Peer 1: 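Encoded as structure tokens, here's the structure I'll be asking about.
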There are 2 protein chains.
Amino acid sequence: MSPRGTSPTIVDVAREAGVSIKTVSRVLNHEPGVHETTRDQVLKVVEALRYRPKQSARSLAGGRSFLIGLLYYDPSANFVGSVQQGATLRCRELGYHLVVESLHNDAPDLRQQIDRMVMALRPDGMILTPPLCDNPEVLAALRDSGTPCVLMSPERDIRSVPSVRMDDVHAAEEITNLLLSLGHRHIAFIKGPPDQSASAARYQGFVNALQAHDLQPDPELVQPGNFTFASGRDAAHKLLSGRQRPTAVFASNDDMALGVLAAAHRLGLNVPNELSVAGFDDSPTAALVWPPLTTVRQPVVEMARMAVEMLVTGPRNAVSAPVDETDLHRVLPHELVVRDSTRAR
Amino acid sequence: MSPRGTSPTIVDVAREAGVSIKTVSRVLNHEPGVHETTRDQVLKVVEALRYRPKQSARSLAGGRSFLIGLLYYDPSANFVGSVQQGATLRCRELGYHLVVESLHNDAPDLRQQIDRMVMALRPDGMILTPPLCDNPEVLAALRDSGTPCVLMSPERDIRSVPSVRMDDVHAAEEITNLLLSLGHRHIAFIKGPPDQSASAARYQGFVNALQAHDLQPDPELVQPGNFTFASGRDAAHKLLSGRQRPTAVFASNDDMALGVLAAAHRLGLNVPNELSVAGFDDSPTAALVWPPLTTVRQPVVEMARMAVEMLVTGPRNAVSAPVDETDLHRVLPHELVVRDSTRAR
DNA sequence: CTGAAAGCGCTTACAG
DNA sequence: CTGAAAGCGCTTACAG
């Protein structure tokens, strides 16, 4: 049973079970057309010998590696952590394994790095996270290699390339509705960087919710930001020392919301009594600050599970009916996380 | 060049270069004893055909998978993110790939999960992070399978099992020395959970530094904690409302230090003017709070690089001299990160 | 429902 | 310095 000693092979199982290796293979791969008695017998021997087929042999002979690749850029992002969590779990259930590669989005030899991985490992599918899933070079390399991909939260969907995402617009609407329902009417909004589609989507949700209440965003209460702590803090300083102070701030991500919290503390403003603050992302820090942040949790773990599933049970197993575009682009439900940083005014 | 079409094989390269596949193999594996002219010719063809050996074939024939496994438990830990960062980079340099598996430390089928991975993939080595690297069941499974391991920051070193760590004692001494040099004499300490060796080590460093200044820890200023935000906040409440308030608090990890910050804010205590606070770990949040936290950065990325290296250039390539125990247990230098939460009293 | 043969693409001894 | 042969442990057609 030691892989470095003499672990059993399919031949051992076949001999012990009194069948051919082909039959053992059939049982192991859940192929139909094996007599139940035979199947049971084989499974018993497999169990007794603690036999596990060797991935390299399966891969070489069958052309499937049982490997899913995960390409990511920012190692510190908790997003990636959750992706892996969901992906490795689903992989395990499906008999696959996850190979990860940390790439620089602007590395000069990006293409070569990807080619090397694809050629060596032949992963059966690849999961791409932002910003790599929006990098044309990455997409091209993978397309040329014929590796199936799923994009996680890409900037925009690509025809015929599967993707998984959440609904930023609706989530931002919900946060805004929460603040409105708490009685807030002067709600500030801190935007994300203009080159990220999530920024526009979240702002759109904010506007939608206001308009549904016959309100318009106050231009003075809408500040630019770039998803960093510092940009949130600076925007908050402007907002909170302006002539008409908002009673609530919706920062379109958590890092900026933390900046708002810091600015409020410095200005001696009590959150949530004098100012409500909401974020977006449910970063690990969001629950650790004072007061804990009201925010939106992306269903990242579920998205990753879904991505693996689309890859594994994808083109190969699907009936070859014309693929439905809506099936290709999945939207998973998010979750509003109401904590102590928001309060009725 | 498309792996799903007809990618070149070693036979193609051999034919094109006018040599045997054995010679191609020699060149690819940097084996000695190939004429320089032959080598150049082969490499030229390899380049032209964009040939990459297929891992599954190499693995099946050669008994090496070129895969390093990473087993981890807590997906949210930024520790794991840094480990992967370092590990994938070093793997790439060495022609290896990293397979990750998220495991529950107390899963009933833990052994089975590990066996499955080891038997299927036959990784050439495995990196274990806390708390898995201290789990006897995990260690036993890997030992039985003959898979070489490196433990990252294990509770305690195991004879003949390689490990990589930092020096908690020294790091804690340095933080304490910093506070002492800022003029603090009433320094509180918040401990970690007693069942983690890092807790004891950090406290030891704290005591060492005090004693080197002819000081003794004040029992009233030493509080228990368990490395959580809440425990740090509670400990701080006690410390800061006691009859003799410390001028500085050394929380033995960042999460607890954040708790101290929160408690100070609530009590209206200005950090760092009225209270200095130091943490340990340099978590991502440490730089994002107000004021930014003075702390210690573990050399996690470097530790992971080292772990991969020990695995790859380990037993196989090492001269078979008796293994030096000190070579087996590496200690990498940490870094003091002085930010704004500490100030001269 | 079951099996014998061929082959996936490399590396390992073994020769020369 | 170079090569012909065997074999790693499976799966894929193809038969029966």
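Remember, it's a predicted structure, so these values are computed and weren't measured experimentally. First the proteins, then the strands, lettered A, B, ... as listed; each starts at 1. Hydrogens, waters and symmetry mates play no part in the numbers below; they use all other heavy atoms, side chains included.
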Peer 1: Between A/Y73 and A/H104, how do the two ring planes meet: parallel, tilted or perpendicular, split at 30° and 60°?
Peer 2: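 Perpendicular.
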Peer 1: Sequence neighbours excluded, which residues qualify as salt bridge (charged side-chain N to carboxylate O under 4.0 Å, His left out) partners of A/R15?
Peer 2: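 Listed in chain order: A/D12.
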Peer 1: Excluding sequence neighbours, so at least two apart, what forms side-chain hydrogen bond (donor to acceptor under 3.5 Å, both in side chains) with A/S25?
Peer 2: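 Checked A/S25 against side-chain hydrogen bond (donor to acceptor under 3.5 Å, both in side chains); matches are A/N29.
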Peer 1: Restricting to salt bridge (charged side-chain N to carboxylate O under 4.0 Å, His left out), what partner residues turn up for A/K44, sequence neighbours left out?
Peer 2: none
Peer 1: Check whether any side-chain N or O of B/D134 sits under 3.5 Å from a backbone N or O of B/P154 as a donor-acceptor pair, and report yes or no.
Peer 2: no
Peer 1: For B/T38, report the nucleic acid contact type (base, sugar-phosphate, nothing); a contact means any heavy atom under 4.0 Å.
Peer 2: sugar-phosphate
Peer 1: Please list, chain by chain and in numerical order, all residues satisfying side-chain hydrogen bond (donor to acceptor under 3.5 Å, both in side chains) with B/H35, sequence neighbours excluded.
Peer 2: B/T37
Peer 1: Measure the distance from CG on A/D12 to C1' on D/dC8 and round it to the nearest whole Å.
Peer 2: 13 Å
Peer 1: Using whole Å, what does the distance between atom C1' of nucleotide C/dC8 and atom CD of B/Q55 come to?
Peer 2: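 For the pair B/Q55 CD and C/dC8 C1', the rounded distance is 14 Å.
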Peer 1: What pairs with A/A48 under side-chain contact (heavy atoms from CB on, under 4.5 Å), at least two apart in sequence or on another chain?
Peer 2: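 Expected list: none.
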Peer 1: Nearest-Å distance, CZ (A/R58) to C1' (C/dG9)?
Peer 2: 18 Å
Peer 1: With sequence neighbours excluded, give me every ring pair (Phe, Tyr, Trp, His ring centres under 6.0 Å) pair touching residues 121-163 of chain B.
Peer 2: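 Every candidate ring pair (Phe, Tyr, Trp, His ring centres under 6.0 Å) pair involving residues 121-163 of chain B fails, so no pair, neighbours aside, qualifies.
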Peer 1: Separation of A/R15 atom CZ from D/dG9 atom P, in whole Å?
Peer 2: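 Taking CZ of A/R15 and P of D/dG9, I get 12 Å after rounding.
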Peer 1: Tabulated below should be each protein N or O lying under 3.5 Å from an N or O of nucleotides 3-7 of chain D; please produce it.
Peer 2:
| from | atom 1 | to | atom 2 | distance (Å) |
| --- | --- | --- | --- | --- |
| D/dG3 | OP2 | B/S20 | N | 3.0 |
| D/dG3 | OP2 | B/S20 | OG | 3.1 |
| D/dG3 | OP2 | B/T23 | OG1 | 2.8 |
| D/dG3 | N7 | B/R26 | NH1 | 3.3 |
| D/dG3 | O6 | B/R26 | NH2 | 2.7 |

Peer 1: Run the salt bridge (charged side-chain N to carboxylate O under 4.0 Å, His left out) test against B/E93 and tell me which residues pass, sequence neighbours left out.
Peer 2: B/R90, B/R305
Peer 1: Within less than 4.0 Å of OP1 or OP2 of D/dT11, is there a side-chain N or O belonging to A/S25?
Peer 2: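 A/S25 to D/dT11 OP1/OP2: side-chain N or O found under 4.0 Å.
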Peer 1: Who passes salt bridge (charged side-chain N to carboxylate O under 4.0 Å, His left out) against A/D40, sequence neighbours left out?
Peer 2: none
Peer 1: What is the distance, to the nearest angstrom, from the CG atom on B/L49 to the P atom on C/dG9?
Peer 2: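 After rounding, the reported distance stands at 14 Å.
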Peer 1: Under a cut-off of 3.5 Å for both distances of each Watson-Crick or G-U pair, what dot-bracket string does DNA chain C give, using [ ] for crossing pairs and | for inter-strand pairs?
Peer 2: |||.||||||||.|||
Peer 1: With B/R52, which residues qualify under side-chain hydrogen bond (donor to acceptor under 3.5 Å, both in side chains), at least two apart?
Peer 2: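 So B/R52 forms no side-chain hydrogen bond (donor to acceptor under 3.5 Å, both in side chains) with any residue.
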Peer 1: Among residues 27-37 of chain A, which residues get a heavy atom nearer than 4.0 Å to DNA chain D?
Peer 2: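 By residue number: A/N29.
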